[in-house]
Protein chains: 2
Amino acid sequence: MTVTEAAGERLVRIGEVARGAGVSVRAVRYYEQQGLLVAERSPSGQRLYRQDAVPLVRFFQQMFAAGLTSRRIAELLPCWDSGHTDAEQRAMLRAERDRIQAKVDDLQAALDRLDEVIAITDTHPEP
Amino acid sequence: MTVTEAAGERLVRIGEVARGAGVSVRAVRYYEQQGLLVAERSPSGQRLYRQDAVPLVRFFQQMFAAGLTSRRIAELLPCWDSGHTDAEQRAMLRAERDRIQAKVDDLQAALDRLDEVIAITDTHPEP
DNA sequence: CTTGCCTCTGACGTCAACGTCAGGTCTTAG
DNA sequence: CTAAGACCTGACGTTGACGTCAGAGGCAAG
């Protein structure tokens, strides 16, 4: 609805989506269960996806890697779809952004500590 | 053994360690169970820690935040204690370092995508 | 028509780092 | 002495994103 929908868009089955995005079929079903993904159904009940489901799933993976939950992603999906947000969504966006930034800083600190140890043990003679 | 051990070092109980490091008592016990932390015992069986347990627990938290498991941390603890490593440990250190670096990059990419959306929705008129 | 692969719906299993509860002991301030 | 905390050992519960298995269809090729 929110995206241009050409008349005869090519629809793909779940396996193709999964392979294309590099996830499991189970994962794609899970995303639907969590309200992240909608699919039409063939007369026999098989899920049919538009091709933009592939980059969408990749995007989910990226957000998962950033520590967002599927619930949070579902709450923020309208921001991507419609391009506008209410105050609550903007607050959530900023909160997630700050959380990720803090995580990056933490990881960088951990990285520095590891590098420190690596430098020490590398310049050290073997026991 | 590996660290200078003054004669009458002040020993603290588990609650103080937990508060000092900002974790739960349960967490400290868990670290012991996972072989990350050793404690003497009072005659009545209560755990007694040296004060350097506090920064050590903080360090564990940092490594957990970086995605290392308690098992991995336990395997790498000798690197910190002794200051030297075998080939396998050096490989593990590098592997973890690379993994964390990759994670930082992923998070940065996710951050950029969020910032992009934030910029768009902020310059957008309210619906 | 059958073979082989894909897909379906449940529903239980996994893993890690704890949380939480039960029932008992210890320590310390008053 | 006593009551309030702090601590002890099990042991089961939680959370999130799936894995995995069972049993039952669906679909194109030969």
Side-chain angles (χ1 to χ4, degrees), chain A residues 10-49 53-54 56-77 96 99-100 103 106 110, chain B residues 10-49 53-54 56-77 96 99-100 103 106 110:
Chain A
R10 202 173 92 80
L11 298 178
V12 297
R13 295 191 299 176
I14 195 171
E16 192 165 345
V17 173
R19 276 191 307 276
V23 304
S24 69
V25 168
R26 176 67 172 93
V28 178
R29 289 204 197 98
Y30 175 75
Y31 300 156
E32 177 174 331
Q33 189 184 344
Q34 300 302 305
L36 299 181
L37 214 51
V38 284
E40 302 177 38
R41 295 298 185 118
S42 78
S44 67
Q46 299 201 343
R47 292 171 179 82
L48 295 178
Y49 297 90
V54 172
L56 193 52
V57 167
R58 279 201 226 272
F59 172 69
F60 294 156
Q61 289 290 115
Q62 188 175 26
M63 292 300 114
F64 284 137
L68 279 79
T69 66
S70 54
R71 163 178 275 282
R72 193 60 96 198
I73 299 175
E75 288 168 344
L76 293 177
L77 261 186
E96 293 298 340
R99 202 185 44 71
I100 297 175
K103 204 164 178 176
D106 287 352
Chain B
R10 202 173 93 79
L11 298 177
V12 298
R13 293 192 299 175
I14 195 171
E16 192 165 343
V17 173
R19 278 192 305 277
V23 304
S24 70
V25 167
R26 175 68 173 93
V28 178
R29 289 203 197 99
Y30 175 74
Y31 300 156
E32 177 174 331
Q33 189 184 343
Q34 300 301 305
L36 299 181
L37 214 51
V38 285
E40 301 177 39
R41 294 300 182 117
S42 79
S44 67
Q46 298 201 347
R47 292 172 178 83
L48 294 177
Y49 298 91
V54 172
L56 193 53
V57 167
R58 278 202 226 274
F59 171 70
F60 294 157
Q61 289 290 116
Q62 189 176 26
M63 292 301 112
F64 284 138
L68 279 78
T69 66
S70 54
R71 161 177 277 283
R72 193 61 96 197
I73 299 175
E75 289 167 344
L76 292 177
L77 260 188
E96 293 298 339
R99 201 186 44 72
I100 297 175
K103 204 165 178 177
D106 286 353

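As the structure is a computational prediction, the values presented were derived from the model and not from experiment. Chain letters run A, B, ... following the sequence lines, proteins first, then strands; residues in each count from 1.
- Comparing Y49(B) and V25(A) along DNA chain D, the residue whose closest nucleotide (by nearest heavy atom) sits nearer the 5' end is Y49(B).
- As judged by a 4.0 angstrom heavy-atom cut-off over every strand, L68(B) is placed among residues touching the sugar-phosphate backbone only.
- At a threshold of 4.5 Å between non-hydrogen side-chain atoms, the residues R72(B) and M63(B) do not count as touching.
- Here Q33(B) does not reach the OP1 or OP2 of dC8(D): none of its side-chain N or O atoms lies under 4.0 Å away.
- Distance check: F64(A) CZ to I73(A) CD1 gives 4.0 Å after rounding to the nearest 0.5 Å.
- One interatomic measurement links the two molecules: CD of E40(B) to C1' of dC7(D), which rounds to 17 Å at whole-angstrom precision.
- In this structure, R72(A) places its CZ atom 17 Å from C1' of dA17(D), rounding to the nearest Å.
- An OP1 or OP2 oxygen of dC15(C) is reached within less than 4.0 angstrom by no side-chain nitrogen or oxygen of T69(B).
- Within 4.0 Å of R41(B), counting heavy atoms only, lie sugar-phosphate atoms of the nucleic acid but no base atom.
- Toward the 5′ end of DNA chain D lies the nearest nucleotide of R26(B), the other residue of the pair R26(B) and Y31(A) mapping further downstream.
- In this entry the distance linking CG of L11(B) with P of dC7(D) reads 14 Å, nearest Å.
- Atom P of nucleotide dG25(D) and atom CZ of R47(A) are separated by 17 Å, given to the nearest angstrom.
- Recorded end-axis angle for the helix from dC1(C)-dG30(D) to dG30(C)-dC1(D) stands at 10°, based on five pairs per end and rounded to 10 degrees.
- Remark: R99(B) CZ to L68(B) CG distance equals 5.5 Å, nearest 0.5 Å.
- Between Q46(B) atom CD and dC26(C) atom P the separation is 9 Å, expressed in whole Å.
- With rounding to the nearest 0.5 Å, the separation of CG in L77(B) from CG in L56(B) is 6.5 Å.
- Between Y30(B) and dA17(C), a side-chain N or O to OP1/OP2 separation shorter than 4.0 Å is present.
- If you take CG on L11(B) and CZ on R41(B), they are separated by 13.0 Å, rounding to the nearest 0.5 Å.
- Looking at heavy-atom distances under 4.0 Å, S42(B) makes no contact with the nucleic acid at all.
- As judged by a 4.0 angstrom heavy-atom cut-off over every strand, R19(A) is placed among residues making no nucleic acid contact.
- Residues V23(B) and F60(B) have side chains not in contact (no heavy-atom distance under 4.5 Å, counting atoms from C-beta outward).
- Distances shown here put a side-chain N or O of S44(B) below 4.0 Å from the OP1 or OP2 atom of dT27(C).
- If you measure from atom CG of L48(B) to atom P of dC26(C), you get 14 Å, rounded to the nearest angstrom.
- Here the side chain of I14(B) is nearest to one of dC7(D), dC18(C), dC18(D), namely dC7(D).
- Spacing between atom CD of E16(A) and atom C1' of dT7(C) amounts to 14 Å, rounded to whole angstrom units.
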Original post:
Going through the distances and angles, do E32(A) and V38(A) end up as a side chain to side chain contact (heavy atoms under 4.5 Å, CB included)?
Top reply: CA-CA 6 Å; E32(A) 177 174 331; V38(A) 284; over 6 Å; no
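- Minimum heavy-atom separation, A74(B) to L36(B): N-CD2, 3.5 Å.
- When each of R13(B) and F64(B) is assigned the nucleotide of DNA chain C bearing its nearest heavy atom, the one mapping closer to the 5' terminus is F64(B).
- The nucleotide whose nearest atom lies closest to any side-chain atom of R29(B) is, among dC8(C), dT9(D), dG16(D), dT9(D).
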